[in-house]
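First comes the structure, then the notes that go with it.
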Protein chains: 4
Amino acid sequence: MHRRTPPPGRAGRPRSATADAAILAATRAALVELGWSKLTLGDVAMRAGVAKTTLYRRWAGKNELVVDAVAELFDELRVPDRGSLAADIEGVVLQFAAILARPEARSGLMAVVAESTRDEPLRERIRASIVERQKRLVLEGRARAQARGELPPESDPGEAARTVDLIFDVVAGAVVHRTLVSAEPADEQWVRSFTRVLVTGLTSLAAPSFESRTRPDSPSGA
Amino acid sequence: MHRRTPPPGRAGRPRSATADAAILAATRAALVELGWSKLTLGDVAMRAGVAKTTLYRRWAGKNELVVDAVAELFDELRVPDRGSLAADIEGVVLQFAAILARPEARSGLMAVVAESTRDEPLRERIRASIVERQKRLVLEGRARAQARGELPPESDPGEAARTVDLIFDVVAGAVVHRTLVSAEPADEQWVRSFTRVLVTGLTSLAAPSFESRTRPDSPSGA
Amino acid sequence: MHRRTPPPGRAGRPRSATADAAILAATRAALVELGWSKLTLGDVAMRAGVAKTTLYRRWAGKNELVVDAVAELFDELRVPDRGSLAADIEGVVLQFAAILARPEARSGLMAVVAESTRDEPLRERIRASIVERQKRLVLEGRARAQARGELPPESDPGEAARTVDLIFDVVAGAVVHRTLVSAEPADEQWVRSFTRVLVTGLTSLAAPSFESRTRPDSPSGA
Amino acid sequence: MHRRTPPPGRAGRPRSATADAAILAATRAALVELGWSKLTLGDVAMRAGVAKTTLYRRWAGKNELVVDAVAELFDELRVPDRGSLAADIEGVVLQFAAILARPEARSGLMAVVAESTRDEPLRERIRASIVERQKRLVLEGRARAQARGELPPESDPGEAARTVDLIFDVVAGAVVHRTLVSAEPADEQWVRSFTRVLVTGLTSLAAPSFESRTRPDSPSGA
DNA sequence: CCATAATCGAGACGGTACGTCGAGTCTTACT
DNA sequence: AGTAAGACTCGACGTACCGTCTCGATTATGG
């Protein structure tokens with residue numbers, strides 16, 4: 001998907017189908033053992049039982065390869081139905097924290113983000129295959145909360161999109177910072193406190209009028 | 001401070017005092033021009049007008065050097081007195097976003113965080129010279145809010161410390177994610193939305209009874 | 001021949017054939033310009049239009065490279081047929097002196113001999129590719145003298161081998177010492193005196209009885 | 001003698017007298033352990049319990065230091081009185097070979113000779129402090145042989161000087177080559193063969209008429 | 001069923017940076 | 001002024017990866 005595509009010409013030997021998966025798995029294994037900065041493409045090729053040329057034929061370089069290898073990790077995230085918006089968020093956040101506790105994610109994710117600060121196509125690739133791809137979680141959670149009546153249906157589509165982005169930045173950012181920078185576990189206690197702040201803030205932000213129906217003593221009159 | 005320290009013995013030529021500042025400045029300049037991954041210590045040494053060995057005599061490697069070079073950037077942050085907790089937070093967040101918009105911070109910060117996932121001493125160094133060092137901002141903001149009567153004095157010290165950590169993770173994480181991953185500007189509009197969520201969440205978390213007692217109307221009088 | 005040999009496996013790109021000659025020529029050029037101690041492998045690689053790694057792939061280090069580069073110089077030595085043993089020796093010695101007058105030989109030869117005093121494999125390499133290789137000159141000269149009747153055919157093979165070694169040590173040693181240590185030219189006059197001493201000594205050593213037959217006024221009656 | 005001389009000015013602390021001997025001894029010890037190419041001046045200074053500056057104040061560099069350290073080794077050579085020219089030569093050659101068997105001489109001597117091919121002052125220093133200094137041995141041996149009547153008194157002084165040079169080049173060159181290049185021991189058997197060739201050649205060169213007059217039989221009684 | 005053509009493993013290639021080491025100089029405080 | 005200590009600039013070391021290339025050997029499809 002995000003790889004160097006073979007030219008559409010039809011003749012010649014086709015690319016090995018199994019190689020891709022082997023390479024991505026080898027990349028994750030190398031991330032676990034060595035971390036990003038000591039991971040070398042020659043080593044990945046060897047682990048995958050593949051020649052270096054095969055690897056370069058399909059990916060432009062280390063960064064692109066690692067993005068793909070890491071992106072797959074986040075596809076296993078699901079929004080559990082725990083009965084309330086707060087409980088749903090807690091569930092997703094705990095899953096997210098669990099992934100960030102795995103060394104292949106820790107090592108790779110921040111590194112490619114760092115690289116992307118000077119490489120626009122790489123940033124776009126990260127956005128597309130990780131960030132935008134996982135915003136499905138926010139959309140799904142919001143839909144479920146709306147179905148439950150916890151949140152009003154969005155009126156302004158632009159405002160709704162901005163809110164999704166804000167939520168994603170706050171959730172992903174806070175968990176990453178807690179896990180990787182502060183190096184403290186994002187355990188149940190922390191997740192509960194975090195979620196409480198977030199949900200309280202969000203509901204009051206979302207629709208004072210809607211909210212004031214259910215919580216008439218809201219502090220925000222602005 | 002976080003460098004290879006000269007043995008305390010008095011004999012011999014002392015280390016050049018000006019070299020340190022020149023090296024850190026050269027490091028930041030190289031981060032701006034080249035970014036972290038293309039920054040080489042040989043190049044930094046040349047820019048600083050210093051031999052490579054001098055650099056290695058004082059820092060263990062690229063990571064430690066960049067941490068020190070970046071850490072200095074955050075020392076200029078101040079908590080402005082804008083009259084209310086929300087306005088104070090907005091002010092600090094905007095300053096923080098402005099620093100993260102500078103290429104020397106963008107390139108370096110995430111890279112060393114990434115490296116620190118496999119290097120415990122490096123993580124501790126980051127914590128000490130960046131994270132813990134800047135928690136002063138949260139403490140100062142809280143004290144000012146308490147003086148204004150916006151927040152109750154903390155009763156449980158352990159709980160208070162956990163709250164400081166939580167606030168720091170949420171603020172720093174969200175701004176970093178917005179700026180570096182989503183690659184959207186943390187502009188006034190975004191900061192206002194973010195701050196509103198945060199302050200609402202925090203005040204209700206801190207002491208709903210206290211808050212509702214003293215400020216039944218809007219918290220912002222500005 | 002005396003180099004790091006590629007593994008006999010056939011796979012992969014073969015080593016460039018032209019690189020070897022270019023490297024050895026570049027080594028000699030560098031010896032002329034810089035001498036042994038200021039010769040650097042990086043410089044040799046650059047002169048040869050070759051990467052440093054290519055050089056290290058084929059030779060273990062500076063010493064081995066210089067031995068090979070210098071050894072080739074002595075392959076041009078020939079035993080001229082000048083009609084008598086003494087004249088033949090004079091011819092070879094003059095050629096040898098001419099080679100030692102060239103800076104690429106002067107700089108390199110003594111240096112690798114010096115290194116070989118602490119490096120047994122290096123000494124063996126020098127012996128094989130320079131010393132033993134050039135003993136052909138002594139053998140050829142002796143054969144021609146025997147054909148002329150100036151020397152008797154050797155009876156004891158062991159003794160004959162020892163004599164070849166002795167001659168080589170005396171000739172090579174004397175010319176080298178004259179040229180490099182005393183720093184006086186090994187010109188015609190010196191070569192004539194040296195050869196006279198050597199031939200007189202040798203013929204009397206070789207076979208007094210044989211010699212006394214043809215030169216009844218020989219001083220040696222032993 | 002061959003060192004950097006202190007300026008004749010009288011003021012200030014005088015140079016430590018013991019330092020010189022300590023440095024030269026440390027140099028020889030380092031030659032034994034490390035050989036010339038791995039010998040470092042910092043290491044020598046440390047062994048001698050002296051600062052690097054002290055060392056550089058007295059010698060220009062590694063080569064000059066090693067020449068002085070090695071030159072002292074040859075001062076112990078003596079011409080023994082063994083009753084005949086041939087036996088005297090054998091005695092000196094064996095002593096010379098014994099010195100060349102010591103690692104501090106092997107490592108250092110050839111190295112500085114190699115360096116001297118591109119450093120005229122260094123060559124002159126070697127000539128003065130080693131070569132010319134030890135020609136005393138040849139002079140002494142000749143005088144003793146003349147006193148015995150084995151050699152005629154020299155008539156032409158120029159010719160006599162040239163012969164001394166020739167002998168020195170042959171003897172020193174052959175022993176060095178045997179010992180360091182061929183890497184065979186210059187043992188009694190080899191020395192006897194070598195001496196026989198040399199003496200026979202020399203006596204017939206020196207004065208055939210003189211020799212045949214006084215010693216019609218074999219010159220060697222051995 | 002053979003020719004064409006793209007793929008594959010292997011490994012040499014020209015580069016660039018690494019982190020270390022030694023040379024020789026300079027700057028301290030002390031003697 | 002000499003000394004021990006040690007920081008300084010400079011330049012080479014030998015290694016490791018990068019990303020490209022050149023091999024001979026496969027392995028598909030299309031003529």
Side-chain angles (χ1 to χ4, degrees), chain A residues 6-7 9-16 19 37-46 48-62, chain B residues 6-7 9-16 19 37-43 45-46 49-58 60-62, chain C residues 6-7 9-17 19 37-43 45-46 48-58 60-62, chain D residues 6-7 9-16 19 37-46 48-62:
Chain A
R10 290 285 157 250
R13 177 174 173 175
R15 287 191 182 164
S16 160
S37 64
K38 294 188 180 173
L39 176 154
T40 71
L41 294 201
D43 181 62
V44 168
M46 211 184 55
V50 142
K52 242 193 327 175
T53 32
T54 298
L55 209 154
Y56 276 105
R57 203 173 287 120
R58 304 180 188 208
W59 283 276
K62 184 168 165 173
Chain B
R10 288 279 153 254
R13 177 175 175 176
R15 289 194 180 164
S16 162
S37 63
K38 294 190 180 172
L39 176 154
T40 72
L41 295 200
D43 180 64
M46 210 184 56
V50 145
K52 222 177 7 160
T53 39
T54 296
L55 210 153
Y56 278 104
R57 200 175 291 119
R58 303 181 187 209
K62 184 168 164 172
Chain C
R10 288 280 150 253
R13 178 175 173 174
R15 288 194 181 164
S16 161
S37 64
K38 294 189 181 172
L39 177 153
T40 71
L41 295 199
D43 180 63
M46 211 183 56
V50 143
K52 219 175 13 157
T53 40
T54 296
L55 210 153
Y56 278 105
R57 201 175 290 119
R58 303 178 187 211
K62 185 168 165 173
Chain D
R10 290 286 157 250
R13 175 175 173 178
R15 288 191 181 164
S16 161
S37 63
K38 295 188 181 173
L39 176 153
T40 71
L41 293 201
D43 179 62
V44 168
M46 211 184 56
V50 144
K52 247 195 320 177
T53 31
T54 299
L55 209 153
Y56 277 103
R57 203 173 289 118
R58 303 179 188 208
W59 283 275
K62 184 168 167 174

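No hydrogens, no waters, no symmetry mates; every other heavy atom, side chains included, goes into these values. Below, chains carry the letters A, B, ... as their sequence lines are ordered, and counting in each starts from 1.
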Summarise how protein sits on nucleotides 23-28 of chain E as a single string, 5' to 3': B when a protein heavy atom is under 4.0 Å from the base, S for sugar-phosphate-only contact, - for no contact. SBBBBB
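Thr54(C) has a side-chain polar atom (N or O) that falls below the 4.0 Å cut-off from OP1 or OP2 of dG14(E). Phosphate proximity of dG6(F) to Arg15(B): absent, as no side-chain N or O sits under 4.0 Å from OP1 or OP2.
Remark: P of dT20(F) and CG of Leu55(A) are 12 Å apart, rounded to the nearest angstrom. Summarising the geometry, the separation between CZ on Arg57(B) and C1' on dC8(F) is reported as 6 Å, rounded to the nearest angstrom.
Comparing dT3(F), dC8(F), dC8(E) by their closest approach to the side chain of Arg58(A) singles out dC8(E).
Contact detail for Ala19(C) and Val50(C): the closest heavy-atom pair is CB-CG2, 4.3 Å. Annotation for Ala51(D) and Ala45(D): closest pair C-CB, 4.1 Å, computed over non-hydrogen atoms. Here the shortest heavy-atom pairing between Lys52(C) and Gly42(C) reads CD-CA, 3.9 Å. The two residues Arg58(B) and Arg15(B) make their nearest non-hydrogen contact at NH2-CB, 3.7 Å.
The one candidate from Val44(D), Thr40(D), Leu41(D) that meets the side-chain contact (heavy atoms from CB on, under 4.5 Å) condition with Lys62(D) is Leu41(D).
In this structure the side chain of Asp43(D) reaches within 4.5 angstrom of the side chain of Met46(D), judged on heavy atoms.
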